[in-house]
Amino acid sequence: FQTFEGDLKWDHNDITYRVLNYSPDLDGDIIEDAFRRAFKVWSDVSPLTFTQIYSGEADIMILFGSDDHGDPYPFDGKDGLLAHAYPPGEGVQGDAHFDDDEFWTLGTGVVVKTRFGNANGAVCQFPFKFNGRSYSSCTSEGRTDGLLWCSTTTDYDKDKKYGFCPSELLYTYGGNSDGDKCVFPFIFDGESYDACTKEGRSDGYRWCATTDNFDKDKKYGFCPNRDTAVIGGNSQGDPCVFPFVFLEKTYNSCTSNGRDDRRLWCATTSNYDTDRKWGFCPDQGYSLFLVAAHEFGHAIGLEHSTVRDALMYPMYSYIEDFQLHSDDIEGVQYLYGSGTGPHPSPPMPTTESPDVSDKTTTTVTTSPTTTTEVVPVDPTTDACKVKAFDAITEIEGQLHFFKDGKYWKASSARPGAIKGPLKISDTWPALPSVIDTAFEDLLTKKIFFFSGRRFWVYTGTTVLGPRGLEKLGIGKDVEKIVGSLQRGRGKVLLFNGDKYWRLDVKTQVVDKGYPRDTEDAFAGVPINAHDVFLYKENIHFCKDQFYWRMTPRRQVDQVGYVKYDILNCP
Amino acid sequence: APLQSQPQVRVTFPGELVSSISDDELAESYLERFGYISKRSRSNTHVSISKALLQMQKKLGLNETGELDQSTMEAMKTPRCGVPDVGN
């Protein structure tokens, strides 16, 4: 392995990263997951941690761009240079850039994540069978609205599992329209457009207006690439048009005719001979995960390795079951040490452990040679010493923080003033000590408490319950409800991590069509959040001592500490 | 399969980056881009290219011939990271 001259490295281990934009080739969730996994490659073998932030300057800023993309090192079109990254430091240092003239996949061809349908966002399975015919790409067959769909199993006829494919007719990404679909035709600069366009931009990204008049409304988004979008040529990102005419012959699929390099291409209008618009058909593409893991190696201080099988070797090659090479591990550990590995375990006390059933322990070493003394600490006397609360919710305008039979109240009008601890049993005698989530129904002022598979409803001092979750229509496989979110008009969303339900508070039954996948509707928050609550109109997802704040338009705009930023602890 | 082979027509596609540079020019550009030769020392002399090729072949684990052989040319055409191999 090699390090940069002067052993450039970060002076802190808690590295932050921010994804500035996304490639049209892959769904945003898949891109973020690839980056998460790429960082994990390094955090598993070092003391480094990587946390995604959504605003401000991160240590590692990640962007997709092509050709001249804002630094002195332009990319070079398809193939050739795939990405580059800078060694640790301020400003552009530490940043990673990916060439968006490449076709980004997970290394084995187009990845089409579906939306809507009945497959919970699963990816398309190609080829799939529909009405006895085999399909190798998304199709609008069987529909009258022209929307592209695919089967998420190999046999739609048998399994009936499907979802809709990326299309500007369904949604956009980025821009300022919160994912709204394109509106066609739309007016831009006085001209009418019937399709996504690159006009008005110098970066080659295809966009559309999400109202009928961009000049007036200024609302826009970027068009996701269809699974048949071409790479390179003179129509990057435009979909193939089938059938197309080439040298007076009609083609219904990609062809290598006209070329002597056997590469498949298609026309992006119905007639190549007249329009001469074309591009290469999607190939295996490059694994964003593998390339990102390599670039992040640079971003933490590693240069290119001379070991051919090492991740830090400069040439790209696809590996199905990736494992970090010992040369890479030696490199990162040379800079940062070995860390605790992927599954750190708590330190073992050297004397007999006291009863820690309801307390955590602090280990105090009085001198290097004496026996270690274990001092129990009860964090529940001070809200600022609680690492993670069981539940947080707003009741009668005050935030309530629940933990192990106690709770605290904090007024948003007087930041820093915390009242408590108070005993849960003094205020709500029927409740158990651990509350998973709670919410106040804004219409009736009833307070719902959830613990395990049971729930209680308090109206003043009158209580109903406990009753089982099955009464709400929630299946027996659900262990508990960890979060709740008032949605107005007597509806509340109930979360158990990766799934959520919509509860009709009046009928006390969840609505049809639920559960749904949390990550589909609330992108960018941890799906294993242990608490979800509404505060000042924003949605908060908690994990450990952190929270992810999501605006009513479902954009994560802040990640912070519950203790410092919500409780206002010193 | 077609019963009789048809003459293959080769078309020049608009916008395609048709490489008109020679292997030597491509090699020099590669060696310069990835830090094996500096712009100043790019004097087209066979000696400096040969030395840089040796360095590149060693760095990338290729046969160290100092010549622009087929495996070296293939390596230069393989997709890769844009960070230089040598220098800053």
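A, B, ... follow the sequence lines: proteins, then strands. Residue 1 opens every chain.
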Quiz item: Just wondering, more than 12 heavy atoms not from B:Asn63 lying within 6.0 Å of its CG?
Solution: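 Count not over threshold, so no.
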
Quiz item: Counting only heavy atoms not in A:Tyr334, do more than 12 sit closer than 6.0 Å to its OH atom?
Solution: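 Counting other residues, nucleotides and ligands, OH of A:Tyr334 stays at 12 neighbours or fewer.
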
I'd like to check [X] versus [Y] (side-chain heavy atoms, cut-off strictly below 4.5 Å). Are they in contact?
{"X": "A:His298", "Y": "B:Cys81", "result": "yes"}
{"X": "A:Tyr86", "Y": "B:Val83", "result": "no"}
{"X": "A:Glu303", "Y": "B:Val86", "result": "no"}
{"X": "B:Arg80", "Y": "A:His294", "result": "no"}
{"X": "B:Arg33", "Y": "A:Leu81", "result": "yes"}

Closest-packed option against chain B by number of heavy-atom pairs under 4.5 Å, given [options]:
{"options": "A:Trp265, A:Phe246, A:Phe75, A:Tyr286", "result": "A:Trp265"}
{"options": "A:Gln2, A:Lys277, A:His84, A:His304", "result": "A:His304"}
{"options": "A:Asp79, A:Leu82, A:Asn234", "result": "A:Leu82"}

Quiz item: Got a donor-acceptor contact below 3.5 angstrom from the A:Tyr313 side chain to the B:Leu60 backbone?
Solution: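 Indeed, once roles are kept as given, a pair shorter than 3.5 Å links the two residues.
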
Self-check item: Which atoms of A:Glu102 approach chain B - backbone, side chain, both or neither, heavy atom under 4.5 Å
Solution: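 Neither part; nothing is under 4.5 Å.
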
Quiz item: What part of A:Arg276 is in contact with chain B, defined as an atom under 4.5 angstrom from a non-hydrogen atom: side chain, backbone, both or neither?
Solution: both

Exercise. Rounded to the nearest 0.5 Å, what's the gap from NZ on B:Lys58 to OG1 on A:Thr306? Could you check?
Key: 9.0 Å

